*Asks:* 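Here it is, the structure, as structure tokens.
What you are looking at is a predicted structure, and each value in this text was computed from that prediction instead of being measured. In what follows, every heavy atom counts, from backbone to side chain, and hydrogens, waters and symmetry copies are set aside. To find a chain, count down the sequence lines: A is the first, B the second, and so on, and within it residues start at 1.
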Amino acid sequence: MPELPEVETVRSGLAPVMEGATITNAMINRPNLRFAFPDRFCERLNETQVLHVRRRAKYLLIGLDSNETLLAHLGMSGQFSIIPPGGPPPNTNPAHDHVVLCLGNDHRIIYNDPRRFGFMDLIASNALDESKFLADLGPEPLSNSFSSARLAEQFAGKTRPVKTALLDQRLVAGLGNIYVCEALFRAGIAPQTPVKRIGAVRRERLTHTIREVIEQAIAAGGSTLRDFAATDGALGYFQHRFDVYDREGEPCLHKDCTGTIKRIVQAGRSSFYCPRCQR
DNA sequence: AGGGGGACCTGTGCGC
DNA sequence: TGCGCACAGGTCCCCC
């Protein structure tokens with residue numbers, strides 16, 4: 001589920017509940033997710049106050065007044081739920097509720113992750129940017145440092161397919177399989193295209209469609225977030241219509257295009273595209 | 001050094 | 001219905 005827009009949706013759901021609250025009782029139900037929890041994980045969380053809930057790429061960054069930051073990655077199937085005081089139990093499988101944070105405001109935050117590709121760590125807040133998780137990340141796609149000029153440098157002389165390149169978090173941070181497929185469709189660029197063969201005009205268009213796809217997905221997540229908050233408090237999943245992703249064999253949605261969406265595998269991942277309007 | 005493939009997990013949906 | 005297989009929105013690590 002979680003690419004940048006989904007993580008941003010989770011962040012904006014958690015922030016109003018967690019910011020300013022004290023973690024009164026942190027509990028884990030197993031020693032590890034993808035990696036082991038850090039030493040004394042619960043003790044280091046207990047009795048700390050949450051200063052802010054931020055995001056970098058697909059990482060949630062929960063800043064604490066202990067001068068540590070709780071870093072969380074949702075992997076493929078991670079999900080946070082907010083249980084309000086006296087609220088109903090979360091609509092998830094409790095067998096995979098791995099982390100529970102009880103807050104002083106009587107809300108509970110539950111982290112559920114069936115596949116356990118997610119992970120958490122505690123990192124000194126003043127060394128966050130140099131941590132192994134964040135140090136090599138490229139620019140946020142909505143920031144000014146993400147630009148066609150920067151992509152030009154990264155594409156120069158490289159033969160790797162543009163699909164694979166855009167999944168590389170060092171080039172641009174936060175894109176995943178779905179939004180790369182969608183951005184390439186909107187830009188009219190085939191996923192197999194070697195990056196060095198993408199000229200300035202198409203590169204500009206790609207820069208624009210990446211921003212557009214991410215912005216629209218965040219907007220869609222924000223509206224769906226309110227719906228979820230009203231029901232079971234589950235964050236991280238929302239409905240979204242995609243133009244090409246998971247539409248193999250269906251007609252291209254561009255009017256006047258008679259193409260059929262095709263699926264190919266690149267670097268072990270599915271790419272969906274229209275062979276007629278993506279060249 | 002860059003890039004491909006497998007590994008890490010569980011759940012789901014499909015064809016037989 | 002049951003069974004086996006393919007596949008899933010991410011990242012790391014090994015190997016060429």
*Asks:* Using the P atom as the point on both nucleotides, what is the distance between B:dC9 and C:dC14, in whole Å?
*Replies:*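 Between the two P atoms, the distance is 16 Å.
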
*Asks:* Does the B:dC9 base have a donor-acceptor partner in the side chain of A:R115 within less than 3.5 Å?
*Replies:*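 In this structure, the two groups form a donor-acceptor pair.
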
*Asks:* B:dC8 base stacked by A:F117? Criteria: ring centres under 5.5 Å, plane angle under 30°.
*Replies:*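 A:F117 ring centre within cut-off of B:dC8 base, planes near parallel; stacks.
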
*Asks:* To the nearest 0.5 Å, tell me how far A:L103 CG sits from A:I109 CD1.
*Replies:*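 Interatomic distance, A:L103 CG to A:I109 CD1, rounded to 0.5 Å: 5.0 Å.
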
*Asks:* May I have the distance from A:M120 (atom CE) to C:dT11 (atom C1'), rounded to whole angstrom?
*Replies:*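 Interatomic distance, CE of A:M120 to C1' of C:dT11: 16 Å.
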
*Asks:* It should be established whether A:Y179 places a side-chain nitrogen or oxygen under 4.0 Å from OP1 or OP2 of nucleotide C:dG9.
*Replies:*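 A:Y179 to C:dG9 OP1/OP2: no side-chain N or O under 4.0 Å.
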
*Asks:* What is the nucleic acid contact for A:R170, judged by heavy atoms within less than 4.0 Å: base, sugar-phosphate only, or nothing?
*Replies:*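 No contact.
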
*Asks:* At under 4.0 Å between heavy atoms, what does A:G176 touch on the DNA or RNA strands: base, sugar-phosphate, or nothing?
*Replies:*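 Result for A:G176 = sugar-phosphate.
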
*Asks:* Give a yes/no answer on whether the side chain of A:Q169 brings an N or O atom under 4.0 Å of OP1 or OP2 in C:dG10.
*Replies:*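 For C:dG10, OP1/OP2 do not have a side-chain N/O of A:Q169 under 4.0 Å.
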
*Asks:* State, without any angle test, whether A:Q49 and A:T22 hold a side-chain donor-acceptor pair at a distance under 3.5 Å.
*Replies:*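 Side-chain D/A pair, A:Q49 to A:T22: absent.
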
*Asks:* Can you tell me if A:K58 touches the phosphate of C:dG10, counting only side-chain N or O atoms and a distance under 4.0 Å to OP1 or OP2?
*Replies:*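 Yes, A:K58 has a side-chain N/O under 4.0 Å of OP1/OP2 on C:dG10.
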
*Asks:* Round to a whole Å and report the spacing from CG of A:L167 to P of C:dC12.
*Replies:*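 One finds 14 Å between P of C:dC12 and CG of A:L167, rounded.
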
*Asks:* Given B:dC9, is OP1 or OP2 found less than 4.0 Å from the side-chain N or O atoms of A:H96?
*Replies:*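 It does not, given that no N or O in the side chain of A:H96 lies less than 4.0 Å from OP1 or OP2 of B:dC9.
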
*Asks:* Is it true that A:R40 and A:E43 have a side-chain N and a carboxylate O under 4.0 angstrom from each other?
*Replies:*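 Looking at A:R40 and A:E43, the cut-off is not met.
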
*Asks:* Would one find a side-chain N or O of A:S270 under 4.0 angstrom from OP1 or OP2 of C:dA8?
*Replies:*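 For C:dA8, OP1/OP2 do have a side-chain N/O of A:S270 under 4.0 Å.
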
*Asks:* Going by side chain to side chain contact (heavy atoms under 4.5 Å, CB included), name the residues that satisfy it together with A:A190, two or more places apart in sequence or in a different chain.
*Replies:*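 With sequence neighbours excluded, A:A190 shows a side chain to side chain contact (heavy atoms under 4.5 Å, CB included) to A:Q192, A:T193, A:Q278, given in chain and number order.
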
*Asks:* Describe the nucleic acid contact of A:F119 in one word from base, sugar-phosphate, nothing, applying a heavy-atom distance below 4.0 Å.
*Replies:*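 No contact.
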
*Asks:* Any N or O donor-acceptor pair under 3.5 Å from the base of C:dT11 to the side chain of A:R34?
*Replies:*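 Yes, a donor-acceptor pair under 3.5 Å.
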
*Asks:* Hey, where does DNA chain B pair up into stems, meaning at least three consecutive Watson-Crick or G-U pairs with distances under 3.5 Å?
*Replies:*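 As far as DNA chain B goes, consecutive pairing (with distances under 3.5 Å) yields the stems B:2-8 with C:10-16, B:10-16 with C:2-8.
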
*Asks:* What interatomic distance, in whole Å, is found between C1' of C:dG9 and the corresponding atom of B:dG3?
*Replies:*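 Going atom to atom, C1' in each nucleotide, I get 22 Å.
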
*Asks:* Respond yes when some side-chain nitrogen or oxygen of A:R269 is under 4.0 Å from OP1 or OP2 of B:dG5, and no when none is.
*Replies:*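 No, because none of the side-chain N or O atoms of A:R269 sits under 4.0 Å from OP1 or OP2 of B:dG5.
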
*Asks:* Please report the closest heavy-atom contact between A:E182 and A:V244, naming both atoms and the distance.
*Replies:*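 Heavy atoms only, the tightest pair is OE2-N, 3.0 Å.
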
*Asks:* Would you please say whether a donor-acceptor pair under 3.5 Å links the side chains of A:T48 and A:S66?
*Replies:*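 On atom types as modelled, these side chains do not qualify, holding no pair under 3.5 Å.
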
*Asks:* One thing to verify: whether A:R160 and A:D168 come together as a salt bridge, which I'm taking to mean a side-chain N less than 4.0 angstrom from a carboxylate O.
*Replies:*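 Salt bridge present between A:D168 and A:R160.
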
*Asks:* Expressed in angstrom and rounded to an integer, what is the separation of A:L60 atom CG from C:dT11 atom P?
*Replies:*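 Rounded to the whole Å, the gap is 13 Å.
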
